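What's counted below: heavy atoms across the whole structure, side chains too, no hydrogens, waters or symmetry copies. Since the model is a prediction, treat every value here as computed from it, not as a measurement. Throughout, numbering of the chain's residues begins at 1 and tracks the sequence.
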Amino acid sequence: MSSFPFFADVAMAPRDPILGLNDAFQADTHSHKINLSIGVYCDDNGKVPVLSCVRQAIAALMENPSPRTYLPQDGMPAYKQAVQELLLGKDHEVIAAKRGATIQSLGGTGGLKIGADFLRWFSPNAKVWVSAPTWDNHKAIFGDAGLSVVNYPYYDNVTGGYDINAMLGALKTAQKGDVIVLHACCHNPTGVDPSNEDWVRIVDLIERQNLVPFLDIAYQGFGFGLAEDSFAVRQFAARKMPVFIASSFSKSFSLYGERVGALTVLTGSSDDAARVQSQIKRIIRANYSNPPTFGAAIVAKVLTDPALRALWEKELGDMRGRIQKMRVALHRRLSQLNPSTNYDYIVNQKGMFSYSGLTAAQVKKIRETQSIYVVESGRICVAGLNDKNVETFADAMVAVQKAGA
């Protein structure tokens, strides 16, 4: 009972569907519990790693520490330059022409939020189209910014792939200026990405319809590689249309708590970019004034130091390889236990996530009986699997599927 009438009508908010599960996992006392809910990369010992390149960058920064003064509202210049080069390639025309506005943000989520606030101010009547399904926070971010959010078809439950024709058919009905949110690689939650050929079809349609792409690229390097995973970004950049890109280093640098991300807006000219950047800085000032220093300094140090950059790319490749190894191991065990079911989608999907095929009832069953935590949709974080628990999960998955739970 509230002792202040002012707060009496404030309802308790529902738990976040993913972070709430993580809280429940932490409270679980089962000795062999497994957490496949939260999107965090863990090594084969189930631990979040500290990358060697990050350790070395921190050591170098501490040898000559700089004062922790306020950064500019839009962030650290060296960091912003490194972000553009990673997304587009070092010698890209956008960078040379200075027609990209990049803003250091509070993680990829912050980049999405800043972009959503800008769109609400600049184009309030635009609809925002998101894939069905998408990361749940997409709907919350754009919806809470005051924009109308609608779905376009994407995942195919029958094949475990995506339905490109249904997707394009829906987007043909979008109106000029509508915003299309796309996962540039390693789709969250399904792990299903368009082929390069289909990306070209998507870009063609969006350009033809005068739509505005908003690319979310939180997992660059976890699909095929850094350049390969930015294929969609570079296709859009080549068309000289307005493009919004939210990027993140949380996963690729294992810097989750540092909240290191960016928003990059591709415009038609350096003058356009300057005006867009000025308005986004105004939005930042009204939210948090300016971003933090340390995480961006680490990322900038690694990306601009050739030796550290090479080490990071190797470590990122090792993480990508371990995830793929877990996909193969899971697929092998599932196929052994249940040969009548085709589990090829497990190895065809890319990145940290997979739509396992588990139903909400089956997810509940394995959580209650075996302390295995999976998002209700059946999405699993493949990076939470390791040599010690992959067969346990596969056994539990097949058992509930065979039981028809």
Side-chain angles (χ1 to χ4, degrees), residues 18 39 41 86-88 105 107-113 115-116 128-142 149-157 160-164 166-168 170-171 174 178-203 205-206 211-237 243-252 261-264 266 320 323 345 348-355 375 377-383:
I18 297 176
Y41 177 87
L86 191 65
L87 290 172
L88 300 169
S105 64
T109 304
L112 289 162
K113 173 60 175 169
V128 177
W129 295 69
V130 300
S131 63
T134 193
W135 180 47
D136 282 341
N137 219 15
H138 281 156
K139 298 175 184 177
I141 289 167
F142 290 100
V149 181
V150 295
N151 292 327
Y152 59 83
Y154 188 79
Y155 186 69
D156 187 329
N157 286 298
Y162 67 99
D163 190 335
I164 181 64
M167 174 184 177
L168 294 178
L171 294 184
D178 279 359
V179 178
I180 315 301
V181 177
L182 300 158
H183 302 242
C185 66
C186 305
H187 185 278
N188 179 10
T190 69
V192 179
D193 291 340
S195 64
N196 285 354
E197 293 75 16
D198 283 345
W199 269 122
V200 173
R201 294 176 66 189
I202 293 166
V203 175
L205 185 144
I206 287 176
L211 307 175
V212 179
F214 200 135
L215 302 174
D216 187 349
I217 182 165
Y219 305 97
Q220 187 178 358
F222 280 93
F224 292 101
L226 289 167
E228 295 88 342
D229 291 350
S230 67
F231 179 84
V233 172
R234 297 178 190 191
Q235 283 295 307
F236 279 111
V243 184
F244 290 73
I245 308 160
S247 55
S248 169
F249 294 109
S250 294
K251 278 77 175 176
S252 59
L263 172 68
T264 298
L266 307 187
R320 179 174 65 248
I323 292 173
Y345 61 88
N348 291 335
Q349 296 165 354
K350 295 297 177 186
M352 289 179 60
F353 302 110
S354 173
Y355 248 30
V375 179
S377 65
R379 186 208 81 172
I380 63 170
C381 179
V382 182

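- No side-chain heavy atom of Asn151 sits less than 4.5 Å from a side-chain heavy atom of Thr134.
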Exercise. Applying side-chain contact (heavy atoms from CB on, under 4.5 Å), run through Ser247 and Ile217 and close with a yes or a no.
Key: CA-CA 5 Å; Ser247 55; Ile217 182 165; 3.8 Å; yes

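- Shown here are the side chain to side chain donor-acceptor pair (under 3.5 Å) partners of Lys113, two or more places apart in sequence or in another chain: Asp117.
- Judged as a side chain to side chain contact (heavy atoms under 4.5 Å, CB included), and not counting sequence neighbours, the contacts of Asp156 are Val158, Thr159.
- Shown here are the ring-ring contact (aromatic ring centres under 6.0 Å, His included) partners of Tyr345, two or more places apart in sequence or in another chain: there are none.
- Partners of Asp178 under the side chain to side chain donor-acceptor pair (under 3.5 Å) rule, at least two apart in sequence or in another chain, are Trp129.
- Between Pro194 and Tyr154 the shortest side-chain heavy-atom distance falls below 4.5 Å.
- Residues Leu87 and Ser230 fail the side-chain proximity criterion, which asks for heavy atoms closer than 4.5 Å.
- Judged by distance alone, the side chain of Asp163 and the main-chain N or O of Ala166 form a donor-acceptor pair under 3.5 Å.
- Val203 has its side chain out of reach of Leu205: every pair of non-hydrogen atoms, C-beta onward, lies at least 4.5 Å apart.
- Taking 4.5 Å as the limit, some side-chain heavy atom of Leu226 sits within range of a side-chain heavy atom of Leu86.
- Put simply, the side chain of Gln235 never gets that close to the backbone of Val200: no donor and acceptor are under 3.5 Å apart.
- A heavy-atom distance below 4.5 Å is found between the side chains of Asp216 and Leu112.
- With sequence neighbours left out, Phe214 forms a ring-ring contact (aromatic ring centres under 6.0 Å, His included) with Phe142, Phe244.
- Residues satisfying the side chain to side chain donor-acceptor pair (under 3.5 Å) criterion with His187, sequence neighbours excluded, are Ser131, Thr190.
- Phe353 has its ring centre less than 6.0 Å from the ring centre of Tyr219.
- Checked against ring-ring contact (aromatic ring centres under 6.0 Å, His included), Trp135 has the following partners two or more places apart in sequence or in another chain: His138.
- Annotation: side chain to side chain contact (heavy atoms under 4.5 Å, CB included) contacts of Ala227 (sequence neighbours excluded): Arg234.
- Expressed to the nearest 0.5 Å, how far CE of Met352 lies from CZ of Arg379 amounts to 8.5 Å.
- Not counting sequence neighbours, the partners of Arg201 by the side chain to side chain contact (heavy atoms under 4.5 Å, CB included) test are Ile164, Asn165, Leu168, Asp198.
- Under the rule for a side chain to side chain contact (heavy atoms under 4.5 Å, CB included), the partners of Ser248 that lie at least two apart in sequence or sit in another chain are Ala218, Ser250.
- With sequence neighbours excluded, the residues forming a side chain to side chain donor-acceptor pair (under 3.5 Å) with Tyr41 are Arg322, listed by chain and number.
- Residues passing the ring-ring contact (aromatic ring centres under 6.0 Å, His included) test with Tyr155, sequence neighbours excluded: Tyr355.
- Residues Met167 and Ile202 are in side-chain contact: their nearest non-hydrogen atoms beyond the backbone lie under 4.5 Å apart.
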